[in-house]
Amino acid sequence: MPNIIAELSWRELVNQTTDDENLARWLAARPRTLYAGFDPTADSLHVGHLMALMILRRFQQAGHRPIVLVGGATGMIGDPSGRDEERNLLSVEVLRANVAAMKPQLQRFLDFDCGRNSALLVDNYDWMARLGYLEFLRDVGKHFPVNVMLAKDSVRSRLERTDTGLSYTEFSYMLLQAYDFVYLNENYGCELQVGGSDQWGNITAGIDLARRLRGVQLYGMTCPLLTKSDGSKMGKTTSGTLWLSPERTSPYHFYQYWINLDDADVGMCLRYFTELGREEIESLLAEHRLDPGRRGAQRRLAAELTRLVHGPDGLTTAERATEIFFGAEISRLSDTQLEDIFADVPSRELPSERLLGEGLSIIDAMFEAGLANSKGEARRIITQGGAYVNNRRVKGIDTRLGPANLVGKSTMVLRAGKKNYALLRFA
RNA sequence: GGGGGGUUUCCCGAGCGGUCAAAGGGGUCAGACUGUAAAUCUGAUGGCAGUGCCUUCGCAGGUUCGAAUCCUGCACCCCCCA
């Protein structure tokens, strides 16, 4: 079997393991079953999940069996790890819907139908829900010394803060996750848990519990926490999270995020998120150093990821839109071409009468198109020279738009700043 | 249950009863420079109309010519003692 640890190591995906000496050998001996947990806090996965997904994917390709555990139960509690505030709890119905929505996305990364190492999707609600409190305290809680729990990073850091507290509910979280591991071991032969470095405490808690409860030795591995060189969170933009579902984040925007990635982060992302080999990544980075302006590494990264997440069609759409937005002349396009290319761009329909007579004021146009949240903001953008109609800068605040400004028969392309487009259609 | 501290515009945070749409920082947005990058610099940053009106300082009342600033009640948060 391929040496999965070696593979993960050169990609710098290994932060810590519970057995540095033997883990590689243990994994090479025969196919193993491993799991990673995902909180179903939304109806889509996002970029923050990518690293764990890719790790599971690599394990599967190396012949191991990955289990995706969604925390239908633990999501109701909330993991305090890496959180500086108490969480809001989610309702059962919402969690259910979220879990269901995640499945098709997972299928892009993992093969759920490939024989003996098919991936598995489990929801801990299925076993947690019927667990009685007394039973749980007796069988699980008994094995957790409170002083050990208090020493865990996730708990201690929260207790050190004076402005927020830590509820008993969140404090108990690690017991639940520990129990998950034991449960998966008993029922699916799962012996390894992987997660972000902030999961270390929870993972080791599970390993301890398994040893005390069943006398079995389980393993854990964490990957580094994903942060960008400037300290901001990967996959977060001003407009919010970068989601994996096309409904929430269009392929174009997804693609653009990676194109725009800082030089400093592109190597890391290629290693973490793509399946390109070591040599190929090295040579991409070498080229990039010679001519960073071409953004060759970013382009490749964006292409690989967009194809993986949105398929070849999604990639094509994204690339074509990019071409137009950052190059070609808009005025030559027909209505159908526009519709195609700008499919991702927010559009707004207005009655065509508004173009007649005096015409539509540029302030109203920017506001109606959603490029400004208020007319004051529209005014500001225009005054400062950031407003464009069909990629031509608008000269002044008194500009009015008439039928002459239409591209094709009924469309107008507005832009605020360098990259924010919106369409106005007139019917 | 008792005592103390807190709740300000996107975030942090300052705010003598009037000159507070509210300092400062961060963020964000736009511009310049660039490589659809980073850094830097400039400007903007409650809403609508323009030198005025409206909404905002946890919630609800009250005192006052006038309150984010004072009083009362309520809610939530934190800390300490039981």
Side-chain angles (χ1 to χ4, degrees), chain A residues 80 83-89 157-171 227-234 236-242 250-270 284-285 287-303 306 318-328 330 341 344-345 361-364 366-389 391-399 414-422:
Chain A
R83 281 289 185 136
D84 50 13
E85 277 179 3
E86 180 88 11
R87 291 196 188 208
N88 296 320
L89 304 183
S157 61
R158 272 282 282 276
L159 292 178
E160 276 166 6
R161 296 177 58 108
T162 55
D163 52 340
T164 55
L166 177 68
S167 68
Y168 173 71
T169 304
E170 284 203 14
F171 179 61
T227 45
K228 296 211 299 180
S229 52
D230 63 2
S232 64
K233 244 186 193 161
M234 182 71 70
K236 294 282 180 191
T237 65
T238 322
S239 36
T241 306
L242 206 67
S250 72
Y252 167 72
H253 287 295
F254 184 83
Y255 180 84
Q256 280 292 321
Y257 179 82
W258 303 107
I259 289 283
N260 277 308
L261 198 69
D262 289 12
D263 292 351
D265 296 318
V266 74
M268 173 184 80
C269 287
L270 282 167
L284 271 170
L285 292 177
E287 272 176 51
H288 186 262
R289 271 190 293 276
L290 287 177
D291 185 5
R294 283 189 57 224
R295 314 176 79 78
Q298 279 94 335
R299 276 173 211 285
R300 186 61 189 276
L301 173 68
T306 308
E319 283 177 334
R320 215 176 29 191
T322 296
E323 232 171 85
I324 299 295
F325 290 171
F326 297 96
I330 283 183
I341 292 159
D344 280 354
V345 162
S361 96
I362 183 68
I363 296 176
D364 290 340
M366 295 294 283
F367 175 67
E368 300 271 15
L371 291 174
N373 291 319
S374 67
K375 294 192 181 174
E377 192 180 332
R379 219 169 252 275
R380 201 170 92 216
I381 294 170
I382 299 160
T383 315
Q384 298 182 134
Y388 299 78
V389 174
N391 275 354
R392 296 250 169 87
R393 180 176 281 181
V394 172
K395 307 141 296 264
I397 197 127
D398 301 321
T399 305
L414 298 184
R415 195 177 109 203
K418 286 193 175 68
K419 307 174 193 173
N420 304 307
Y421 282 89

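Worth saying up front: this structure is predicted, and the values here are computed from it rather than measured. Protein chains get the first letters and strands the later ones, always in sequence-line order, with residue 1 at the start of each.
In the set B/A30, B/G50, B/U36, B/A30 carries the atom at the smallest distance from any side-chain atom of A/N420. Distance from the side chain of A/R299 is smallest to B/U36 among B/A37, B/U36, B/A32. When each of B/G50, B/G35, B/A37 is scored by its nearest atom to the side-chain atoms of A/R379, the top-ranked nucleotide is B/G50. Side chain of A/R380, nearest nucleotide from B/C29, B/G35, B/A38: B/C29. Distance from the side chain of A/Q256 is smallest to B/U36 among B/U36, B/C48, B/G35. The listed nucleotides are B/A44, B/A32, B/A37; the one nearest the side chain of A/Q384 is B/A44. Here the side chain of A/I259 is nearest to one of B/A37, B/U36, B/G31, namely B/U36.
An OP1 or OP2 oxygen of B/U36 is reached within less than 4.0 angstrom by no side-chain nitrogen or oxygen of A/Y252. The side chain of A/K418 places no N or O atom within less than 4.0 Å of a non-bridging phosphate oxygen (OP1 or OP2) of B/G35. Contact between the side-chain N/O atoms of A/S374 and the OP1/OP2 oxygens of B/C48 is found at a separation under 4.0 Å. Phosphate contact (OP1/OP2 of B/C10, side-chain N/O of A/N373, threshold under 4.0 Å): absent. Note on A/K375: every side-chain N or O is 4.0 Å or more away from OP1 and OP2 of B/G47.
Aromatic ring orientation, A/Y168 versus A/F171: tilted (interplanar angle from 30° to 60°).
Remark: P of B/C29 and CZ of A/F367 are 19 Å apart, rounded to the nearest angstrom. Rounded to whole angstrom, the span from the CZ atom of A/R320 across to the P atom of B/U36 amounts to 22 Å. Residue A/I381 contributes atom CD1, which lies 12 Å from atom C1' of B/G31 at whole-angstrom precision. The interatomic distance linking A/D263 (CG) with B/A39 (C1') rounds to 12 Å, in whole Å. Here B/G35 presents its P atom at 19 Å from CG of A/L261, a figure rounded to the nearest Å. Between A/F254 atom CZ and B/U36 atom P the separation is 22 Å, expressed in whole Å. Here the P atom of nucleotide B/U36 and the CG atom of A/D262 are 15 Å apart, to the nearest Å. Distance, A/K419 NZ to B/U34 P: 16 Å, rounded to whole Å.
Within the 6.0 Å centre-distance limit, the rings of A/Y252 and A/F325 are counted as a close aromatic pair.
There is a side-chain donor-acceptor pair under 3.5 Å between A/R415 and A/N391.
Between A/Y255 and A/E319, the closest side-chain pair of non-hydrogen atoms falls below 4.5 Å. Side-chain contact between A/Q298 and A/H288 is present, with at least one heavy-atom pair separated by less than 4.5 Å.
Nucleotides B/G15 and B/A22 place their C1' atoms 8 Å apart, quoted to the nearest Å. Spacing between B/G4 and B/G73 at atom P, rounded to whole Å, works out to 13 Å. B/A30 and B/U36 have their P atoms separated by 16 Å, given to the nearest Å. Nucleotides B/G6 and B/A14, compared at atom P, are 10 Å apart to the nearest Å. Of the C1' atoms belonging to B/A67 and B/C20, the separation is 11 Å, rounded to the nearest Å. Look at the C1' atom in both B/U8 and B/G2: the space between them is 30 Å, to the nearest Å. Only the C1' atoms considered, B/G58 is 15 Å distant from B/U69, to the nearest whole Å. Comparing the same atom, C1', in B/G31 and in B/G13 gives a spacing of 29 Å after rounding to whole Å.
Of the inter-residue distances, the one linking A/K418 atom NZ with A/F326 atom CZ reads 10.0 Å to the nearest 0.5 angstrom.
Results of the side chain to side chain contact (heavy atoms under 4.5 Å, CB included) test with A/L301 over A/L261, A/D265, A/T306 single out A/L261 as the only residue that passes.
Of the possible donor and acceptor atoms, none in the side chain of A/R379 sits under 3.5 Å from a partner among the backbone N and O of A/I363.
Of the two residues near RNA chain B, A/G293 and A/D364, the one whose nearest nucleotide lies more 5' is A/G293.
Summarising the geometry of A/A387 relative to A/I382, their closest heavy-atom pair is CB-CG1, 3.8 Å, with the distance given to 0.1 Å.
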* Taking only Watson-Crick and G-U wobble pairs with both distances under 3.5 Å, what dot-bracket line describes RNA chain B, where [ ] shows pairs that cross earlier ones and | shows pairs with another strand? -> (((((((..(((.....[.....)))((((((.......))))))(((...)))...(((((..]....)))))))))))).
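A/Y255 comes within 4.0 angstrom of nothing in the nucleic acid, heavy atoms only.
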